[in-house]
Amino acid sequence: LSELGSESAKIKAMGIMDKLSTDKTVKVLNILEKNIQDGAKLSTLLNHNNDTEDEERLWRDLIMERVTKSADACLTAINIMTSPNMPKAVYIEDVIERVIQYTKFHLQNTLYPQYDPVYRVDPHGGGVLSSKAKRAKCSTHKQRVIVMLYNRVCDIVSSLSELLEIQLLTDTTILQVSSMGITPFFVENVSELQLCAIKLVTAVSNF
């Protein structure tokens with residue numbers, strides 16, 4: 001999926017995505033939706049108190065692998081839809097909604113808590129997850145994965161603004177996109193995301 005994301009970006013830049021068979025492209029989008037769905041609601045911040053540090057690290061790595069895979073699927077789907085001269089059949093509402101659902105969930109539940117301590121609340125009611133003990137459990141490997149996910153989500157948000165300029169979306173979807181575009185301005189340490197959000201909010205206002 002990572003390779004597919006990279007290749008789809010190249011094909012989009014070359015402007016030849018529309019040369020592919022529409023039927024095959026639609027099939028690919030439907031398969032991508034299943035992969036997006038797989039990681040759309042996976043929480044990466046759950047803390048199993050009974051687990052050892054090694055068990056928790058392995059569990060988190062597995063979850064992050066699925067979440068990252070879903071991000072690659074989102075990017076591939078958006079690259080296809082925002083390529084020049086694409087047929088109407090590729091703008092599948094379910095796929096678009098799934099991409100937005102995935103992005104909103106992981107901004108709120110994965111990325112904001114990592115970048116801004118205000119969002120770092122223990123789901124078990126144990127207070128803010130910013131103690132030295134909790135920080136120590138965050139391996140450098142996990143941090144690299146988080147940064148990689150953050151960059152992918154920035155690309156997704158930026159590409160969604162392109163999609164708004166191409167395809168009419170439902171009012172409900174526009175409301176979802178609007179909140180996604182506004183929230184980053186209330187979060188610290190996400191300047192790259194805020195730049196992408198400016199594009200998204202501008203696209204919504206021109207809708």
Side-chain angles (χ1 to χ4, degrees), residues 2 5 36-75 78 97-161 174-205:
S2 178
I36 297 167
Q37 186 176 5
D38 181 55
K41 293 279 187 177
L42 284 176
S43 174
T44 62
L45 299 176
L46 289 176
N47 182 30
H48 298 284
N49 294 322
N50 297 325
D51 291 349
T52 66
E53 284 191 27
D54 284 345
E55 285 173 339
E56 186 170 336
R57 179 176 55 80
L58 289 170
W59 176 80
R60 287 178 187 277
D61 286 349
L62 178 64
I63 293 295
M64 285 307 303
E65 185 179 323
R66 289 172 63 187
V67 169
T68 305
K69 178 193 74 170
S70 294
D72 287 324
C74 285
L75 265 180
I78 289 289
E97 287 179 0
R98 193 75 69 187
V99 169
I100 293 167
Q101 178 191 58
Y102 170 91
T103 308
K104 279 196 73 175
F105 182 87
H106 285 292
L107 280 172
Q108 199 70 39
N109 296 282
T110 304
L111 295 175
Y112 294 160
Q114 289 288 337
Y115 284 85
D116 188 342
V118 171
Y119 288 82
R120 216 169 293 166
V121 178
D122 190 336
H124 298 290
V128 178
L129 290 174
S130 58
S131 68
K132 288 181 181 177
K134 294 282 168 43
R135 280 204 192 117
K137 289 188 177 183
C138 298
S139 66
T140 52
H141 168 68
K142 180 170 174 289
Q143 291 303 321
R144 285 198 299 273
V145 172
I146 288 291
V147 171
M148 187 169 63
L149 180 64
Y150 174 75
N151 290 331
R152 279 173 167 77
V153 169
C154 285
D155 289 340
I156 293 167
V157 171
S158 183
S159 296
L160 280 170
S161 63
I174 288 295
L175 284 172
Q176 296 281 324
V177 172
S178 298
S179 66
M180 188 197 303
I182 292 166
T183 308
F185 298 107
F186 300 96
V187 183
E188 297 291 331
N189 308 314
V190 290
S191 54
E192 300 89 353
L193 178 62
Q194 287 169 348
L195 285 172
C196 297
I198 288 171
K199 286 177 63 180
L200 188 60
V201 172
T202 304
V204 169
S205 65

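One distance of note links CD1 of Ile156 with CG of Leu160; it measures 7.5 Å at 0.5 Å rounding. With rounding to the nearest 0.5 angstrom, the OG1 atom of Thr103 is 7.5 Å from the CD1 atom of Ile78. Between Ser159 atom OG and Leu200 atom CG the span is 10.5 Å, to the nearest 0.5 Å. The distance from atom CZ of Arg60 to atom CD of Glu65, rounded to the nearest 0.5 Å, is 16.0 Å. Note that the CG atom of Asp38 and the OG atom of Ser70 stand 5.0 Å from one another [nearest 0.5 Å]. To the nearest 0.5 Å, the span separating CG on Asp116 from CG on Leu111 amounts to 12.0 Å.
In this structure a side-chain-to-backbone donor-acceptor pair under 3.5 Å is missing from Gln114 to Val147. For the pair Asn109 (side chain) and Phe105 (backbone), a donor-acceptor distance under 3.5 Å is present.
With sequence neighbours excluded, the residues forming a side-chain contact (heavy atoms from CB on, under 4.5 Å) with Cys154 are Tyr150, Glu192, Leu193, Cys196, listed by chain and number. By the side chain to side chain donor-acceptor pair (under 3.5 Å) test, Tyr115 pairs with no residue at all, sequence neighbours left out. Not counting sequence neighbours, the partners of Lys104 by the side-chain contact (heavy atoms from CB on, under 4.5 Å) test are Ile100, Gln176, Ser179, Met180. Scanning for side chain to side chain donor-acceptor pair (under 3.5 Å) contacts around Ser161 gives an empty result, with sequence neighbours left out. Residues forming a side-chain contact (heavy atoms from CB on, under 4.5 Å) with Thr68 (at least two apart in sequence, or on another chain): Met64, Asp72, Val145, Met148, Arg152. With sequence neighbours excluded, the residues forming a side-chain contact (heavy atoms from CB on, under 4.5 Å) with Leu42 are Ile63, Arg66, Val67, listed by chain and number.
Under the side-chain contact (heavy atoms from CB on, under 4.5 Å) test applied with Val177, the options Ile182, Val157, Val204 reduce to a single match, Val204.
For the residue pair Phe186 and Tyr119, the shortest heavy atom distance occurs at O-OH, 3.8 Å. For the pair Pro184 and Gln194, the tightest heavy-atom approach, listed with the atom from each and the gap, is O-NE2, 2.9 Å. Taking all atoms of both residues into account, the shortest heavy-atom contact from Val187 to Val190 is O-CG2, 3.5 Å. Across all non-hydrogen atoms, the minimal contact from Ala40 to Tyr102 is CA-CD1, 3.7 Å.
Heavy-atom neighbours of Phe185 CZ from other residues, nucleotides or ligands within 6.0 Å: above the threshold of 12.
For the side chain to side chain donor-acceptor pair (under 3.5 Å) condition, no pair includes a residue of residues 180-191, sequence neighbours left out.
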